[in-house]
Amino acid sequence: METGSIPVASLPGGFDLQSTVESGQSYLWRREDGKMYETTHAYGESAWYYTVVEEEVVRARQRDGQIEWQATTDAEPLLFDLLRLDDDLDAIVESTPDDPLVESAYEEYRGMRIVRDPFFPCLISFICSAQMRVGRIYGMQTALAREFGDEIEFDGRIYHQFPTPEQLATATEDDLRGLNLGYRAPYVRKTAELIASGAASAEDVRGKEYEDARDAVQVFVGVGDKVADCVLLFSLDYLEAVPLDTWIQSAIEEHYPHCERGSYAKTSRAIREQFGGEYAGYAQTYVFHHLRS
DNA sequence: ATCCAGGATGTAT
DNA sequence: ATACATCATGGA
């Protein structure tokens with residue numbers, strides 16, 4: 001086993017592992033002790049988390065201004081990638097127009113970063129997120145990995161990879177309903193098939209201008225405007241994407257009523273501008289976490 | 001029991 | 001383009 005540490009306290013804007021992986025952006029990280037959402041912030045600060053990516057288990061915890069990690073290979077470049085440790089968080093916060101809500105959210109969770117999830121798992125988890133509570137979305141992804149993903153052994157324990165598109169495409173709708181995916185079951189199956197067959201891929205999206213990209217993600221089944229924005233923001237580097245979920249909608253009603261324009265596309269443009277444009281998704285994610293906590 | 005959760009789809013207008 | 005019913009599941 002390889003180990004290492006990353007001095008994150010000195011990064012611009014700092015870093016907060018717990019907020020980053022437990023704020024409902026990524027459903028691909030778990031706490032090693034299984035106590036997600038059950039303990040205080042103070043305890044979660046030094047808890048071990050893990051994710052399974054690129055056929056590898058990566059563990060990480062935050063202690064004394066460092067990210068300590070354990071993996072089978074050098075995981076530092078991977079962690080920089082997954083946790084966006086290269087983002088200049090100070091500059092991003094600076095670029096956001098001051099308003100009381102955004103400011104208090106940034107203050108409370110400063111150090112939280114947007115994640116860069118692998119595309120397919122991100123896509124599937126947000127297809128599953130429709131009309132679901134955050135806590136249950138984690139459970140659905142855990143069940144998918146347990147039932148359809150390959151096993152990996154690490155440090156004497158068995159972990160499960162997220163299933164490949166091919167593996168999920170072989171699942172029947174009834175299989176998936178059996179995991180309590182409900183009406184999302186056919187969406188997940190059809191989307192997995194689209195990718196497994198080569199009919200569509202992330203490469204059809206990358207490089208497109210933001211709103212074109214948002215349309216492009218919607219070729220996948222079970223993906224509308226909101227889920228498309230989540231995938232753009234949490235996987236495909238579109239930091240201007242602002243997912244308009246129920247929490248942000250109510251924030252618009254209460255705090256930014258002038259941004260309500262009657263349609264997703266128009267309201268999206270208005271709130272994106274309200275949140276400073278280029279990094280509006282950062283403000284959105286802080287506000288979401290702030291309101292939900 | 002009724003309502004709601006990080007909404008999307010199919011159909012009718 | 002927009003309006004509406006429908007879709008599973010479980011926790012409050």
Side-chain angles (χ1 to χ4, degrees), chain A residues 19-29 36-38 101 105 109 112 114-115 117 121-144 147 171-194 200 211 214-236 238-239 241-256 260-269 271-272 275 280-293:
Chain A
S19 296
T20 301
V21 302
E22 286 198 57
S23 53
Q25 327 171 29
S26 172
Y27 296 95
L28 307 177
W29 289 81
M36 216 89 168
Y37 292 112
E38 291 176 20
L101 181 61
Y109 297 107
M112 180 174 75
I114 300 287
V115 297
D117 273 353
C122 178
L123 179 62
I124 294 300
S125 50
F126 279 99
I127 287 171
C128 291
S129 78
Q131 294 294 100
M132 272 291 154
R133 285 191 182 80
V134 167
R136 284 193 61 205
I137 302 169
Y138 282 99
M140 296 164 82
Q141 308 320 304
T142 301
L144 287 175
E147 296 303 318
T172 67
E173 183 177 328
D174 283 344
D175 288 338
L176 297 173
R177 284 180 184 272
L179 300 182
N180 298 325
L181 266 65
Y183 61 82
R184 305 153 198 81
Y187 301 166
V188 167
R189 212 185 93 72
K190 289 174 184 170
T191 288
E193 266 181 347
L194 279 173
E211 290 195 6
R214 194 177 63 200
D215 289 337
V217 183
Q218 294 180 47
V219 304
F220 297 106
V221 184
V223 180
D225 285 317
K226 186 270 172 184
V227 168
D229 269 331
C230 288
V231 174
L232 292 180
L233 180 59
F234 302 131
S235 178
L236 296 179
Y238 288 81
L239 295 182
V242 176
L244 299 183
D245 57 54
T246 53
W247 290 90
I248 298 302
Q249 294 281 10
S250 63
I252 290 173
E253 278 183 35
E254 268 197 53
H255 300 271
Y256 316 104
E260 178 52 59
R261 303 293 167 86
S263 77
Y264 191 100
K266 290 177 182 172
T267 303
S268 169
R269 284 179 202 136
I271 194 69
R272 240 181 304 140
F275 285 166
Y282 255 98
Q284 187 274 359
T285 301
Y286 271 85
V287 167
F288 173 81
H289 189 41
H290 174 66
L291 293 178
R292 215 180 59 77
S293 298

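Considering SG of A:Cys122 and CD1 of A:Ile127, their distance stands at 9.5 Å, rounded to 0.5 Å. To the nearest 0.5 angstrom, A:Ile124 atom CD1 is 5.5 Å from A:Thr191 atom OG1. Taking CG from A:Leu181 and SG from A:Cys128, the interatomic distance works out to 4.0 Å, rounded to the nearest 0.5 Å. Here A:Met112 contributes atom CE and A:His289 contributes atom NE2; the two are 5.5 Å apart, rounded to the nearest 0.5 Å.
Where A:Phe220 and A:Phe288 each meet DNA chain B at their nearest nucleotide, the meeting point lying more 5' is that of A:Phe288.
Looking at heavy-atom distances under 4.0 Å, A:Gln25 makes contact with a base. Nucleic acid contact class of A:Gln284 (heavy atoms, under 4.0 Å, all strands): base. Residue contacts for A:Tyr264: at a heavy-atom cut-off of 4.0 Å it reaches no nucleic acid atom on any strand shown.
Under the 6.0 Å cut-off for aromatic ring centres, A:Tyr282 and A:Phe275 do not qualify, their centroids lying 6.0 Å or more apart.
Atom CZ of A:Arg261 and atom P of C:dT2 are 14 Å apart (whole Å). One atom, CG of A:Asp215, and another, P of B:dA8, lie 13 Å apart when rounded to the nearest Å. Distance A:Arg214 CZ to B:dA8 C1': 15 Å, rounded to the nearest Å. B:dA5 atom P lies 13 Å from atom CD1 of A:Ile248, rounded to whole Å. Look at CG on A:Asp229: it is 13 Å from P on B:dG7, rounded to the nearest Å. The nearest whole Å value for the distance from the CZ atom in A:Arg189 to the P atom in B:dT9 is 16 Å.
The side chain of A:Thr246 contributes an N or O atom lying less than 4.0 Å from OP1 or OP2 of B:dG7.
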Expected string for nucleotides 5-12 of chain C under the B/S/- scheme (protein heavy atoms, under 4.0 Å, primed atoms plus P, OP1, OP2 as sugar-phosphate) is --BBBBB-
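Using atom C1' as the reference point in both B:dA5 and C:dA3, the two lie 22 Å apart (nearest Å). Nucleotides B:dT11 and C:dA8 place their P atoms 15 Å apart, quoted to the nearest Å.
Under the Watson-Crick and G-U wobble criteria, each requiring two contacts below 3.5 Å, nucleotide B:dA1 is left unpaired.
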Before giving the answer on side chain to side chain contact (heavy atoms under 4.5 Å, CB included), spell out for A:Val227 and A:Tyr187 the whole-Å C-alpha distance, their side-chain angles and the decisive distance to 0.1 Å. CA-CA 12 Å; A:Val227 168; A:Tyr187 301 166; over 6 Å; no
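Residues A:Tyr264 and A:Asp229 come closest through the heavy atom pair OH-OD2, 2.5 Å. Looking at every heavy atom in both residues, A:Val21 comes nearest to A:Tyr138 through O-OH, 3.1 Å.
Using modelled atom types, no side-chain atom of A:Tyr109 and backbone atom of A:Tyr286 make a donor-acceptor pair closer than 3.5 Å.
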For nucleotides 11-13 of chain B, print each protein N/O atom paired with a nucleotide N/O atom at under 3.5 Å, atom names and distance only.
none

